[in-house]
Amino acid sequence: MKALMRGLLLSLAVCVLGCQPATPEQETAKADASEVDSHAGHNHGDHDLGPHGGHLLHLEPSGVHAEWTHDDKNNLITVYLDDFDANKISGAKFVAKIGQETQEFPLTADAGAWTISSSELMTHINMKEAAEVSFVVTDDQGSHSSKIEAHDEHHH
């Protein structure tokens with residue numbers, strides 16, 4: 001939540017102070033970055049995006065938020081847990097349920113975020129209603145979870 005507030009304040013400051021047009025070098029860097037952006041070419045429409053440009057998750061029962069991004073080309077999923085105390089997180093994982101079978105996909109802490117590279121998990125997420133995928137994070141307060149909602153942009 002603090003990161004979201006900082007982002008909003010920064011946006012407000014930029015609007016008040018004005019912006020300079022981007023240089024050609026900045027435009028090239030921006031284009032290069034968009035090629036690896038996990039949401040390049042996606043139309044999120046009315047979906048809320050988090051400060052990292054990803055999908056927001058409302059975790060229950062605590063009501064805190066997480067954000068996840070995906071790089072479909074590299075089968076990489078990154079989860080940002082900005083509302084959590086990083087020192088108190090004991091684990092994070094995705095849980096996929098297909099029929100009666102359940103499979104867990106543990107994430108690895110990586111420079112302020114949690115990541116996993118898994119083509120199998122990406123396939124489960126892309127299966128929409130055929131697979132139920134949830135995200136679960138555990139800290140000193142217990143487990144917090146949210147179902148991953150199917151988005152049209154995941155179907156490639």
Side-chain angles (χ1 to χ4, degrees), residues 1-8 10-11 27-156:
M1 196 55 102
K2 290 179 186 178
L4 180 60
M5 291 304 296
R6 282 192 300 263
L8 291 173
L10 179 62
S11 296
E27 288 298 326
T28 300
K30 183 177 177 183
D32 291 344
S34 72
E35 289 179 20
V36 297
D37 180 11
S38 63
H39 293 91
H42 289 179
N43 179 9
H44 287 271
D46 60 355
H47 298 294
D48 290 332
L49 297 179
H52 303 279
H55 310 282
L56 291 177
L57 295 173
H58 182 80
L59 302 172
E60 294 297 338
S62 60
V64 297
H65 293 93
E67 177 184 358
W68 69 285
T69 62
H70 53 97
D71 176 348
D72 296 348
K73 182 178 177 182
N74 295 307
N75 297 308
L76 178 67
I77 297 175
T78 303
V79 179
Y80 299 93
L81 300 172
D82 296 340
D83 287 355
F84 288 85
D85 181 341
N87 296 321
K88 296 180 179 179
I89 298 173
S90 59
K93 64 184 174 183
F94 283 94
V95 179
K97 184 176 181 185
I98 303 173
Q100 298 300 316
E101 291 193 36
T102 301
Q103 187 173 3
E104 294 186 356
F105 297 88
L107 282 73
T108 304
D110 183 28
W114 290 76
T115 62
I116 184 171
S117 181
S118 170
S119 60
E120 188 174 11
L121 176 58
M122 289 299 298
T123 298
H124 293 325
I125 291 170
N126 289 330
M127 291 173 65
K128 299 188 182 206
E129 290 80 28
E132 182 179 309
V133 180
S134 297
F135 173 72
V136 180
V137 60
T138 305
D139 66 2
D140 65 328
Q141 300 295 310
S143 290
H144 317 266
S145 65
S146 178
K147 182 179 176 190
I148 303 298
E149 298 295 327
H151 293 85
D152 288 335
E153 66 269 15
H154 292 146
H155 184 65
H156 298 282

If you define the side chain from C-beta out and look only at heavy atoms, does anything of Ile77 sit under 4.5 Å from Phe105?
no
Do the side chains of Val79 and Leu57 get nearer than 4.5 Å, heavy atoms only?
no
Ring centroid separation His124 to Phe94 under 6.0 Å
no
Which value, rounded to the nearest 0.5 Å, describes the distance between Ser143 atom OG and Lys93 atom NZ?
7.0 Å
Are any side-chain N or O atoms of Ser119 and backbone N or O atoms of Asn75, one a donor and one an acceptor, separated by less than 3.5 Å?
no
Does any part of the side chain of His70, heavy atoms only, come nearer than 4.5 Å to the side chain of His55, both counted from C-beta?
yes
Side chains of Leu76 and Ser117, heavy atoms from C-beta outward: is any pair under 4.5 Å?
yes
Under a 4.5 Å cut-off applied to non-hydrogen side-chain atoms, are Asp139 and Asp85 in contact?
no
So, Glu67 side chain and Gly53 main chain: donor-acceptor pair closer than 3.5 Å or not?
yes
Minimum heavy-atom separation for Gly63 to His58, with atom names?
O-CE1, 3.4 Å
How many angstroms lie between CD1 in Ile148 and CD1 in Ile125, if you round to the nearest 0.5 Å?
6.0 Å
Pick one: which of Asn87, Asp82, Leu81 meets side-chain contact (heavy atoms from CB on, under 4.5 Å) with Phe84?
Leu81
Across all chains, not counting sequence neighbours, the salt bridge (charged side-chain N to carboxylate O under 4.0 Å, His left out) partners of Glu101 are none
For residues Leu107 and Trp68, determine if any side-chain heavy atom of one lies less than 4.5 Å from a side-chain heavy atom of the other.
no
Any chance you could measure Thr108, atom OG1, to Trp114, atom CH2, to the nearest 0.5 Å?
8.0 Å
Can a donor-acceptor pair be found between the side chains of Thr69 and His52 at a distance below 3.5 Å?
no
Val136 to Ser145 - nearest heavy-atom pair and separation:
CG2-CB, 3.8 Å
With rounding to the nearest 0.5 angstrom, report the CG to CE distance, Asp71 to Met122.
8.0 Å
Over all atoms of both residues, closest heavy-atom pair of Ser146 and Leu59:
CB-CD2, 3.5 Å
